[in-house]
> 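Structure below; questions to follow.
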There are 4 protein chains.
Amino acid sequence: MDDLARRLREFADARDWEQYHTPKNLVMALSGEVGELTALFQWLTPEESATALEDPELRPEVLDELADVAIYLVRLADVLGVDLMDAARAKIARNESRFPPGSAGQIY
Amino acid sequence: MDDLARRLREFADARDWEQYHTPKNLVMALSGEVGELTALFQWLTPEESATALEDPELRPEVLDELADVAIYLVRLADVLGVDLMDAARAKIARNESRFPPGSAGQIY
Amino acid sequence: MDDLARRLREFADARDWEQYHTPKNLVMALSGEVGELTALFQWLTPEESATALEDPELRPEVLDELADVAIYLVRLADVLGVDLMDAARAKIARNESRFPPGSAGQIY
Amino acid sequence: MDDLARRLREFADARDWEQYHTPKNLVMALSGEVGELTALFQWLTPEESATALEDPELRPEVLDELADVAIYLVRLADVLGVDLMDAARAKIARNESRFPPGSAGQIY
């Protein structure tokens, strides 16, 4: 992931796009890509969504949108100076104590 | 990241939440978290957004939402059986040839 | 709807919030509210979603988020000088000719 | 707006699309369209966003996405049996008492 962040930094730098890559703009770009991913799943039943990648037409589109979401998320974290995996691990640890296994059962 | 995916799988399994974690539902959860991240940046100027993490009140909120977005993205990719970093690298390679450095200059 | 737009304009003006209400910021605010609406539906099955308003706990939350989405959409259109109902009617007319009834059957 | 809701109901009915129009799916469709709208504004400065409709290329795209957002919002409210304008007016009334003019000044 560090490698990916570095490659995205070089990509932006080589095209003089760093001026556009403010956190505010990158949050919007991330949100736009999640919107495209959402559109691919909107009319599928939950069951159909589970096998979406077996559909030869849908598969490359889903991979493409997942990649775009990952790219903007990694880029946003890099611009903000955040270690994304650290932040995720800290959050999971909090969730593990907030939602002990075998408790309520209701998903939050 | 593989480690994170495994931990999230165990987390869902221990709470009997795997039934809820269809790709369709996880796309919605991802989208909801991106919405919360967006709300933190909505009234900031682009300049203010660049130093958002220096604000002691905003910092933990941004880290928390970035973590939630990363968590649902990794979980979604795992449920779909997608290698997220592979997909991202393949997409960057395509972007590098679609947008040669020094070309148009207009961000896409 | 014109009445709603006017009331939102006065509301923003009375609080000196018009400076924040650029189209860019309002698009983010709209997106954040849609994220909150999405979170209310994310773990529901499609069938459960159809009766969401019969749940006494969920009902006021859904109404509240729908209202927030409508508010930011009307405010955004007003700031941009767009007649939202006109735009919607023009789009439906285009959709009616793009998707003749009884054609393919596949939802787009 | 009632007229728009009715026309969308007939549109869905004539194409046998009502089966797809569960609240869950329509929330996703709304979210996808807001994502497309967001993408149009992501690289604009707040100042540029204020004059986006003067750009002859951007103008029809923004109108198109605003229309799609309005369409899915009206359709969603209709399927849920919600009077959107009533809900919005009730929310504004609450906001007017939560945020008295001349108070804090910080936008919420």
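Throughout, a chain's letter reflects where its sequence line sits, starting with A, and its residues are numbered from 1.
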> Are the side chains of B/M85 and A/L4 in contact, using a 4.5 Å heavy-atom criterion?
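With C-beta onward as the side chain, the pair touches.
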
> Is it the backbone or the side chain of B/V79 that comes under 4.5 Å from a heavy atom of chain A, or both, or neither?
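Neither part.
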
> Could you grab the distance from atom CZ of A/F11 to atom CD1 of B/I92, nearest 0.5 Å is fine?
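So the gap between those two atoms works out to 8.0 Å.
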
> Over all heavy atoms of both residues, which pair between A/A88 and B/A70 is shortest? Give the atoms and the distance, please.
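Closest pair (atom of A/A88, atom of B/A70, distance): CB-CB, 4.4 Å.
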
> Can you name the salt bridge (Lys or Arg N to Asp or Glu O under 4.0 Å) partners of B/D86, sequence neighbours left out?
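So B/D86 forms a salt bridge (Lys or Arg N to Asp or Glu O under 4.0 Å) with B/R89.
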
> For B/L76, which atoms come within 4.5 Å of any heavy atom of chain A: side chain, backbone, both, or neither?
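Side chain only.
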
> Could you walk me through whether A/L66 and B/L73 pass the side chain to side chain contact (heavy atoms under 4.5 Å, CB included) check?
CA-CA 8 Å; A/L66 281 172; B/L73 179 60; 3.9 Å; yes

> Testing the basics here: between A/K91 and B/A67, what is the closest heavy-atom pair and its distance to 0.1 Å?
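What the structure gives for the nearest pair is CB-CB, 3.6 Å.
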
> Counting heavy-atom pairs under 4.5 Å with chain B, which one of A/V82, A/D64, A/L63 comes out on top?
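Heavy-atom pairs under 4.5 Å are most numerous for A/D64.
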
> Below 4.5 Å from any heavy atom of chain B, which atoms of A/A39 appear? Answer side chain, backbone, both or neither.
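Nothing of A/A39, per the 4.5 Å heavy-atom cut-off to chain B.
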
> Mind checking salt bridge (Lys or Arg N to Asp or Glu O under 4.0 Å) for A/E61 and listing every partner two or more places apart, or none if nothing turns up?
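Residues passing salt bridge (Lys or Arg N to Asp or Glu O under 4.0 Å) with A/E61: none at all.
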
> Could you give the distance from CZ (B/R59) to CG (A/L80), rounded to the nearest 0.5 Å?
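Rounded to the nearest 0.5 Å, the CZ-CG separation comes out at 9.5 Å.
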
> Applying side chain to side chain contact (heavy atoms under 4.5 Å, CB included), run through A/L30 and B/T38 and close with a yes or a no.
CA-CA 9 Å; A/L30 173 64; B/T38 300; over 6 Å; no

> For B/A14 versus A/P101, what's the shortest heavy-atom pair and its separation?
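Scanning both residues, the minimum pair turns out to be O-CB, 3.5 Å.
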
> Between chain A and each of B/R94, B/E96, B/E47, count heavy-atom pairs under 4.5 Å; write down the option with the most.
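Option with the top pair count is B/E96.
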
> With a 3.5 Å distance limit and no angle check, can you tell me whether A/K24 reaches the backbone of B/L44 through a side-chain donor-acceptor pair?
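Here the side-chain-to-backbone pair exists.
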
> Please classify the contact of B/L8 with chain A as side chain, backbone, both or neither, using a heavy-atom distance under 4.5 Å.
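Contact with chain A is through the side chain of B/L8 alone.
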
> Looking only at non-hydrogen atoms, find the nearest pair between A/V27 and B/F41 and report the distance.
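It is CG2-CD1, 3.7 Å.
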
> Looking at residues at least two apart in the chain, or sitting in another chain, which of them share a salt bridge (Lys or Arg N to Asp or Glu O under 4.0 Å) with A/R6?
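Here the qualifying residues are A/D3, A/E10.
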
> Non-hydrogen contacts under 4.5 angstrom with chain A: give the residues of residues 49-57 of chain B involved, or none if there are none.
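Residues B/S49, B/A50, B/L53 are the ones that qualify, each having a heavy atom under 4.5 Å from chain A.
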
